[in-house]
Amino acid sequence: MQPDQNADPESRSLELDNTAGFKVILAMAAILTLSVIVAIHTVQVRPVPAYERYPDPSPLGYTYSLALYLFPLAALLTWAVKRGVRLKAAQLTALMLLPMWTLLDILLGNTFFRFPVKSATVGFELWGYVPGRGFELSIPIEEVLFYYLGGIVLILLYVWASDEWYARYSISEASFDRRARTAPALVSFDGRALAIGLGVFALALGYKKFGPHDHHEGFPGYFTFLLTLVVLPAAVLFRRVKPFVNGRAFLFTLMVASLVSLLWEVTLALPYGWWNYHSRQMIGIFIEPWSGLPVEACMLWIAAGWAEIFIYETFKIYVHSGRSLRAVLFGDRHHVPAAPRSQ
């Protein structure tokens with residue numbers, strides 16, 4: 001996408017820098033992915049999970065593993081307090097993420113996942129929809145915390161990266177205020193994103209039904225969910241919000257979150273039965289040396305992070321704009337620029 005010619009020179013320069021950064025980091029990610037594929041493609045047998053040999057291989061393991069988010073969260077909050085970083089937009093994002101992830105777990109958790117080893121959790125479960133049986137107490141509280149805490153850490157990591165490592169590629173505070181107060185309606189439908197999303201969905205469905213694997217039954221529901229997390233913000237927010245995003249901090253955050261997630265799943269969750277996947281809901285590509293990890297799991301925090309950072313930047317524009325959220329999203333013909341809200 002070409003930089004906005006109506007933007008101030010600082011913003012145009014940052015957008016050009018971010019575009020170059022996107023290309024470099026995506027190329028590096030593609031090279032790394034290709035290297036991994038070549039390195040592991042000959043493995044045909046997945047390791048035997050520990051919980052199939054031992055009845056209780058990791059007591060409260062899932063519960064204690066939340067430290068992978070809690071410690072970074074504590075460190076990031078300490079940094080934000082010491083630096084006096086204004087977190088109003090992050091707070092609003094966190095308030096939105098809690099009901100969103102909780103509801104998704106309640107409605108879809110049992111459709112996509114199973115939880116083989118109950119002793120890995122504290123035993124407090126939420127009601128969740130079980131296909132064919134209705135709602136049952138079946139979703140470990142750790143599962144909700146996994147997504148919710150992960151989302152908060154991801155947002156704070158993005159804030160930290162934008163203010164510290166990649167501060168050069170962030171819009172200055174004064175420029176952000178000025179652009180937020182005069183920004184057009186952020187919701188701007190992009191049919192290309194929807195068309196690309198539908199094309200990718202068609203390819204995934206075709207592979208599910210006719211690909212060279214043994215899991216043709218079912219529907220690629222998990223991939224469809226992740227694809228929605230990418231396509232929806234791309235279709236309605238990307239065009240107007242992208243100029244405010246620090247592109248390098250964005251990609252850095254997604255890569256770190258994805259690596260932590262893979263470490264969690266490959267070395268802990270799948271071998272010890274904290275959670276696993278229903279193959280009927282997966283595309284049919286499973287990584288055998290990683291305990292049969294479905295390829296969708298590698299995409300989780302890329303898709304979730306994409307949606308959450310665009311939500312965060314939308315709230316940040318709202319906080320700086322001095323307008324109502326409705327006016328920021330959909331426009332207001334009678335809008336008179338006002339001073340930004342206190343953060």
Side-chain angles (χ1 to χ4, degrees), residues 26 29-52 104-105 107-117 128-133 138-139 143 146-147 194-232 234 254 257-259 261-307:
L26 288 174
I31 292 170
L32 178 61
T33 300
L34 178 61
S35 302
V36 171
I37 291 172
V38 172
I40 68 176
H41 83 284
T42 60
V43 178
Q44 303 297 319
V45 179
R46 68 185 62 174
V48 178
Y51 68 89
E52 292 187 3
L104 287 170
D105 259 323
L107 296 178
L108 298 174
N110 289 312
T111 299
F112 300 152
F113 311 116
R114 54 191 179 90
F115 307 97
V117 179
Y129 178 75
V130 180
R133 301 207 304 262
S138 53
I139 303 294
E143 182 72 2
F146 170 80
Y147 289 105
L194 182 59
I196 292 171
L198 290 173
V200 172
F201 168 75
L203 291 174
L205 183 61
Y207 188 87
K208 172 69 174 177
K209 295 301 181 182
F210 306 107
H213 56 83
D214 299 323
H215 305 282
H216 297 143
E217 296 297 322
F219 178 80
Y222 193 29
F223 181 82
T224 302
F225 165 68
L226 297 177
L227 185 63
T228 301
L229 288 179
V230 173
V231 170
L232 191 58
L254 296 193
S258 297
L259 289 173
S261 175
L262 288 175
L263 166 71
W264 207 331
E265 300 214 35
V266 174
T267 64
L268 296 170
L270 267 65
Y272 294 99
W274 301 351
W275 70 80
N276 212 311
Y277 299 85
H278 291 296
S279 60
R280 288 176 57 88
Q281 291 291 323
M282 305 299 135
I283 295 175
I285 301 175
F286 298 92
I287 306 172
E288 298 303 332
W290 291 355
S291 299
L293 185 76
V295 71
E296 290 91 334
C298 303
M299 308 173 188
L300 168 62
W301 286 110
I302 296 174
W306 170 275

note = Smallest heavy-atom separation, Phe112 atom then Gln281 atom, equals CE2-OE1, 3.5 Å

inquiry  = Testing the basics here: between Val266 and Leu293, what is the closest heavy-atom pair and its distance to 0.1 Å?
reply    = CG2-CD2, 4.0 Å

request  = Measure the spacing between OH of Tyr207 and NE2 of His216 and express it to the nearest 0.5 Å.
outcome  = 8.0 Å

task = Can you measure from OG1 (Thr228) to CZ (Phe201) and round to the nearest 0.5 angstrom?
result = 9.0 Å

request  = Determine, step by step, whether Leu104 and Tyr147 satisfy the side-chain contact (heavy atoms from CB on, under 4.5 Å) criterion, reporting the C-alpha distance in whole Å, the side-chain angles of both residues, the deciding distance to 0.1 Å, and the verdict.
outcome  = CA-CA 10 Å; Leu104 287 170; Tyr147 289 105; over 6 Å; no

query = What heavy-atom pair brings Leu229 and Ala307 nearest, and what distance separates the two atoms?
reply = O-CB, 3.5 Å

key: Phe113, CZ atom: more than 12 neighbouring heavy atoms under 6.0 Å   = yes

task = Please report the shortest heavy-atom distance between Val43 and Glu288, naming the atom on each side.
result = O-CB, 3.8 Å

message = Is any side-chain heavy atom of Phe223 closer than 4.5 Å to one of Val295?
response = no

query = What's the spacing between Tyr129 OH and Leu108 CG if we round to 0.5 Å?
reply = 10.5 Å

request  = For residues Leu268 and Trp274, determine if any side-chain heavy atom of one lies less than 4.5 Å from a side-chain heavy atom of the other.
outcome  = yes

request  = To the nearest 0.5 Å, tell me how far Glu265 CD sits from Cys298 SG.
outcome  = 8.0 Å

Non-hydrogen atoms of Ser258 and Ile302 that approach each other most closely = OG-CG1, 3.3 Å

request  = Keeping the roles fixed (side chain from Lys209, backbone from Ala204), state whether a donor-acceptor pair exists under 3.5 Å.
outcome  = no

ask   = Are the ring centres of His213 and Phe286 closer than 6.0 Å?
value = no

query = Are side-chain heavy atoms of Asn276 and Pro49 found at a separation under 4.5 Å?
reply = no

message = Nearest 0.5 Å, please: how far is CG in Leu227 from CE in Met299?
response = 9.5 Å

note = Rounded to the nearest 0.5 Å, the CG atom of Leu198 sits from the CG atom of Leu203 at a distance of 11.0 Å

request  = Without swapping roles, check the side chain of Ser261 against the backbone of Ala257 for a donor-acceptor pair under 3.5 Å.
outcome  = no

ask   = Would you say the side-chain atoms of Lys208 pair up with the backbone N or O of Gly284, donor to acceptor, closer than 3.5 Å?
value = no

request  = Please state whether the rings of Phe146 and Trp264 are parallel, tilted or perpendicular, taking 30° and 60° as the class boundaries.
outcome  = perpendicular

note = In terms of heavy-atom contacts, Tyr222 and Glu296 come closest through CD2-CB, 3.5 Å

message = Has His215 got a side-chain atom pairing as donor or acceptor with Ile283's backbone, closer than 3.5 angstrom?
response = no

